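It should be emphasised that the depicted structure is a prediction, and the values quoted were computed from it without experimental measurement. The first residue of the sequence shown is numbered 1, and numbering continues consecutively from there. One-based numbering, in listed order, for ligands and for the atoms of each.
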Amino acid sequence: MPHYAPHARLLAPDAQTIAEAAALLRAGGLVGMPTETVYGLAGDATSDRAVAAIYAAKGRPAFNPLIAHFATIAAARREAVFSAAADALAQAFWPGPLTIVAPAVKGGAISLLARAGLDTLALRLPAHPVARALIEAAGRPLAAPSANRSGRLSPTSAAHVIEELGERVGIVLDAGTAQHGLESTILACIGEEIRLLRPGAIPLEAIEAQIGRPLKSAAGGAIAGPGMLASHYAPRAALRLQAQAVELGEIGLDFADALRGRGQLDLSPAGDLQEAAANLYSYLRRLDAAGAAAIAVAPIPPNGLGAAINDRLRRAAAPRGGP
Ligand code: TXA
Ligand code: MG
C-alpha cells in the first residue's frame, strides 16, 4: 500500500524532497503541501482513488467539493470555462490566494469525486514556490483542501498538519509558517456573474477595485460548501465574540490591547489586520492546548482582512454539530 506511510515524514523542501513527494502523489499518496494561505492536504486531482483518500483522511463529507490547484493558467483553462470576468480576475490575482469557481469543461481530467458531482470546479494557482514546484513535478493538478480534520482549524504550520492528520499523510513539506494564515477568497464566476462564496486572504476591497463594482454574496445555499457551514474552523473551546472584558473562567484573545492587558494572547498589539490574520489559527490552537473551556475574543474591525477574520470567528463560535 503506497497510500499511507506508517509515520508522516516531515521534510525540508528542496529539489530532491519535492521530487520524492511528487512520486508519492503520482502513486496515489497524500502530501502536506505548504501554500501562502494555509497548508493543504494534496492528492492527485485526476485520480478518484487519491481524492477518496483525501476525503477519508479528513473525515470530510464527500459531497463537499475540493479545490484543484494548478501551476499555470493554461493548465487551469483546460478544465473550466473562463468568462471574460473570470479571465480578468485570474490575470489580476493569479498566482495568489484567489479561488475561482467556474463551469467544468466536459471530458476534463479532474476526478468527478473532487467536484463532488457538481458541474462547477474550484480552481486556484497558488503563489507559494514550493506548491508550484510540487504541482509541476507531479505533472498534474492537485486537489488540496486545508490539511485539518473536517470542521477543525486550518493548519498554518507543518506541525499543525501532523497534529491534525498524523500518519494519514505520507510526507509533509515543511516551509515554515504560512504567510497569510487565512484560506483563499472564493469567487463563483458563472456567465458574467461574480459572486463571493468565501471571504479570504484577498480583501473584498481589492476585488471590488479590480471589477469596478460592489461584489455580491452568494444567494443562500445554492452553491454551499463546508467552508460555508455554520460551525466550521472550530477550536475545542467555546468562543465568545465582541468581548469587552475577560469573564471568570475565560481566557482572552485580544486585538490591539482592547482587553487592556487581560488577554492571554494579542492577535496584533499594533492593530494590524494582516498580522492578526496570520496569527488567528495558531493562537486559537495555543489557547485550546492551554485547556481553555471558553475564549473571549476582542472586537476585530470589519474592514479589509477583518471581514474574513470575523467570518471565521463567527463560524468557530457557532453551535456545534449543526448541519
Ligand atoms: O487557501 C485555500 O483555499 C486552501 C489551500 C490549501 O489552497 N484550501 C482550502 O480548501 O481552503 P478547503 O477544501 O478547505 O475549502 C474549499 C472550499 C470549501 O468550502 C468547498 O465547499 C468550496 O471551496 N468549493 C470547492 N469546490 C466548489 C464548487 N465547485 N462550488 C462551490 N464551492 C466549492
Ligand atoms: Mg478547510
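- If you look at Leu118 next to ligand 1, the close heavy atoms, those under 4.0 Å, all belong to the side chain.
- Enclosure of atom CD in Gln274 is not indicated, since only 12 or fewer non-hydrogen atoms of other residues, nucleotides or ligands lie within 6.0 angstrom.
- Contact annotation for Arg60 and ligand 1: only side-chain heavy atoms (C-beta onward) come within less than 4.0 Å of the ligand.
- Here Ser146 meets the criterion, with an N, O or S atom under 2.8 Å of the Mg ion (ligand 2).
- If you check the side chains of Arg198 and Thr99, you find no donor sitting under 3.5 Å from an acceptor.
- Ion pairing between a basic and an acidic side chain is recognised when a charged N comes within 4.0 Å of a carboxylate O; Glu164 and Arg285 show such pairing.
- The shortest N or O to N or O distance between Glu183 and ligand 1 is not below 3.5 Å.
- Between Asp44 and Arg49, no side-chain nitrogen of the basic residue sits less than 4.0 Å from a carboxylate oxygen of the acidic one, so the salt-bridge criterion is not met.
- Looking only at side-chain heavy atoms (C-beta outward), Ser217 and Leu196 come within less than 4.5 Å of each other.
- Residue Ser184 touches ligand 1 through backbone and side chain together, judged by heavy-atom distances below 4.0 Å.
- Residue contacts with ligand 1 for Arg198 involve side-chain atoms from C-beta outward but no N, CA, C or O (heavy atoms, distance under 4.0 Å).
- Of the heavy atoms in His69, only side-chain atoms (C-beta onward) come closer than 4.0 Å to ligand 1.
- Between Ser111 atom OG and Leu121 atom CG the span is 10.5 Å, to the nearest 0.5 Å.
- Between Thr120 and ligand 1, a contact under 3.5 Å exists for at least one N or O pair.
- Under a 4.0 Å heavy-atom criterion, Pro97 is not in contact with ligand 1.
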